[in-house]
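One-based numbering, in listed order, for ligands and for the atoms of each. Values below: every heavy atom of this structure, side chains too, minus hydrogens, waters and symmetry copies. This one's a predicted model, so the numbers in the text were calculated from it and none came from an experiment.
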Amino acid sequence: MDFQEETTTFSNRLPVRFINTIEEIAGTHPGQRRAHARGICAKGVFTPSGRTIGMTFAAHLQQEPCEAVIRFSNSAPDPATSDLMSPVKGMAVEFQRPDRHGVKPVIVAATIPVFVTRTPESFHEMMIAARDLAKQGHSFKERINGLLHLFPHAGKALTLLDDIKPPASFVSIPYYSVHAFYFVDESGTKRAVKYEWVPDAEAHMPLIKAAVSSKDYLEDELRERLNSSPAGFTLKLTLGEEGDSVDDCSVSWPSERETIEAGHLSIQQLIEEPDGLLMDPTATGEGIEVTPDPILLFRHDAYAESYRRRQEGC
Ligand code: HEM
């Protein structure tokens with residue numbers, strides 16, 4: 001393969017085209033993440049409950065507490081988007097206990113429990129359709145209805161998106177991993193689980209109040225709150241059963257699935273974003289494995305491409 005052919009192949013890869021499409025829609029914001037661009041970092045301590053011992057040999061889910069870096073974010077690719085106009089929020093946690101290969105386990109979660117599509121290809125098509133509906137001057141509601149018509153499979157996630165209420169705080173809403181992961185025990189037996197971060201106290205803000213709050217009211221609120229006391233989340237696991245989908249993050253598991261509390265995260269103080277922070281959802285560390293979910297696997301390359309561009313100051 002000559003250089004020309006190799007370059008063409010690289011730029012045609014979907015993760016690269018995907019990031020190009022995001023830039024085409026939302027502009028290029030040098031040095032920023034191509035999604036979830038504006039965020040705020042904190043440090044905290046995760047204390048495992050001990051209930052996952054025997055389900056996974058992951059070091060951060062045994063008995064000892066472990067430090068964590070947390071990044072809360074707005075999902076919008078443009079960092080100037082206000083908190084109100086970026087309804088989906090993100091919470092990414094990097095556990096500061098590397099496995100034997102130096103991998104620090106990461107959980108990347110967001111405030112909707114299911115994703116809009118099953119594959120990266122259909123998500124890319126949906127982004128292009130959303131861009132075209134916006135160009136035609138349709139309102140948010142009309143765009144959602146247009147997408148529902150074009151992508152009926154995305155009904156659940158799009159309806160949830162339409163119903164999202166503004167949060168009172170980054171730490172007062174639940175966050176979901178969306179994907180399933182495998183917990184692996186010492187004998188190699190795997191069990192599918194999904195994660196949810198459940199806030200110590202859930203609270204929303206009336207829309208009218210959010211509309212007159214500052215555009216980054218959630219960062220101000222978190223700064224003020226952590227000055228007086230820590231905030232916390234319980235890590236809840238839903239245990240998958242035979243037949244539950246592990247490769248379609250646009251569908252939920254049955255609501256009667258058993259859940260267990262894996263531990264508690266206490267968030268203590270804000271910090272500057274650590275250099276080189278990359279919250280890769282496929283960085284599970286030993287004792288946890290990725291499922292064959294095409295969106296999850298795709299995110300590894302898409303995040304790497306976004307990271308490469310922002311590290312180069314593009
Ligand atoms: C095909 C699907 C997806 C694509 C293409 C995508 C793309 C991206 C990109 C490019 C970034 C910035 C990465 C960086 O520069 O470090 C990002 C960040 C993020 N994404 Fe996604 N994403 C997808 C699915 C999801 C899903 C399903 C979730 C929900 C769990 C999610 C939650 C987040 C969060 C919370 C961040 C911020 C991470 C941080 O704080 O560093 N994304 N995404």
Taking the side chain as every heavy atom from C-beta outward, state whether [X] and [Y] have any atom pair closer than 4.5 Å.
| X | Y | result |
| --- | --- | --- |
| Tyr303 | His300 | no |
| Ser86 | Thr81 | yes |
| Arg34 | Pro77 | no |

Looking at Tyr195, Tyr175, Phe123, the heavy atom closest to atom 4 (C) of ligand 1 belongs to Phe123
Closest heavy-atom approach to atom 3 (C) of ligand 1 among Arg33, Glu121, Arg299 is made by Arg299
Tell me whether [X] has any N or O atom under 3.5 angstrom from an N or O of ligand 1.
| X | value |
| --- | --- |
| Arg310 | yes |
| Tyr176 | no |
| Arg71 | yes |
| His179 | no |

Contact atoms of ligand 1, heavy-atom distance to [X] under 4.0 Å:
| X | value |
| --- | --- |
| Phe18 | 5 (C) |
| Gly90 | 35 (C) |
| Tyr307 | 15 (O) |
| Ala109 | 30 (C), 35 (C) |
| Ile19 | 10 (C) |
| Met279 | 39 (C), 41 (O) |
| Leu278 | 16 (O) |
| Val108 | 30 (C), 32 (C), 33 (C), 34 (C), 35 (C) |

**Report entry** Residues Asp280 and Thr282: side-chain donor-acceptor under 3.5 angstrom
**Finding:** yes
Inspect the contact between [Y] and [X] and indicate whether a charged nitrogen and a carboxylate oxygen are less than 4.0 angstrom apart.
| X | Y | value |
| --- | --- | --- |
| Glu67 | Lys43 | no |
| Arg309 | Glu23 | yes |
| Lys141 | Asp162 | yes |
| Arg38 | Asp83 | yes |
| Glu305 | Arg308 | yes |
| Arg51 | Glu261 | no |

Can you tell me which residue and heavy atom of the protein come closest to [atom], and the distance to 0.1 Å?
| atom | answer |
| --- | --- |
| atom 15 (O) of ligand 1 | Ser306 OG, 2.5 Å |
| atom 27 (C) of ligand 1 | Phe115 CD1, 3.4 Å |
| atom 11 (C) of ligand 1 | Ala35 CB, 3.7 Å |
| atom 37 (C) of ligand 1 | His36 CB, 3.4 Å |

Report whether any nitrogen, oxygen or sulfur of Tyr303 sits less than 2.8 Å from atom 21 (Fe) of ligand 1 (N, O or S, backbone or side chain).
yes
- prompt: Which class fits the ring pair Phe95 and Phe46: parallel under 30°, tilted 30 to 60°, perpendicular over 60°?
  reply: perpendicular
So Phe18 and Phe298, would you call those rings parallel, tilted or perpendicular, with 30° and 60° as cut-offs?
tilted
With heavy atoms only and a cut-off of under 4.0 Å, state how [X] meets ligand 1: side chain, backbone, both or neither.
| X | answer |
| --- | --- |
| Glu305 | neither |
| Ala110 | both |
| Ile22 | neither |

- Message: I'd like to know whether NZ of Lys209 has more than 12 heavy-atom contacts from other residues, nucleotides or ligands below 6.0 angstrom.
- Response: no
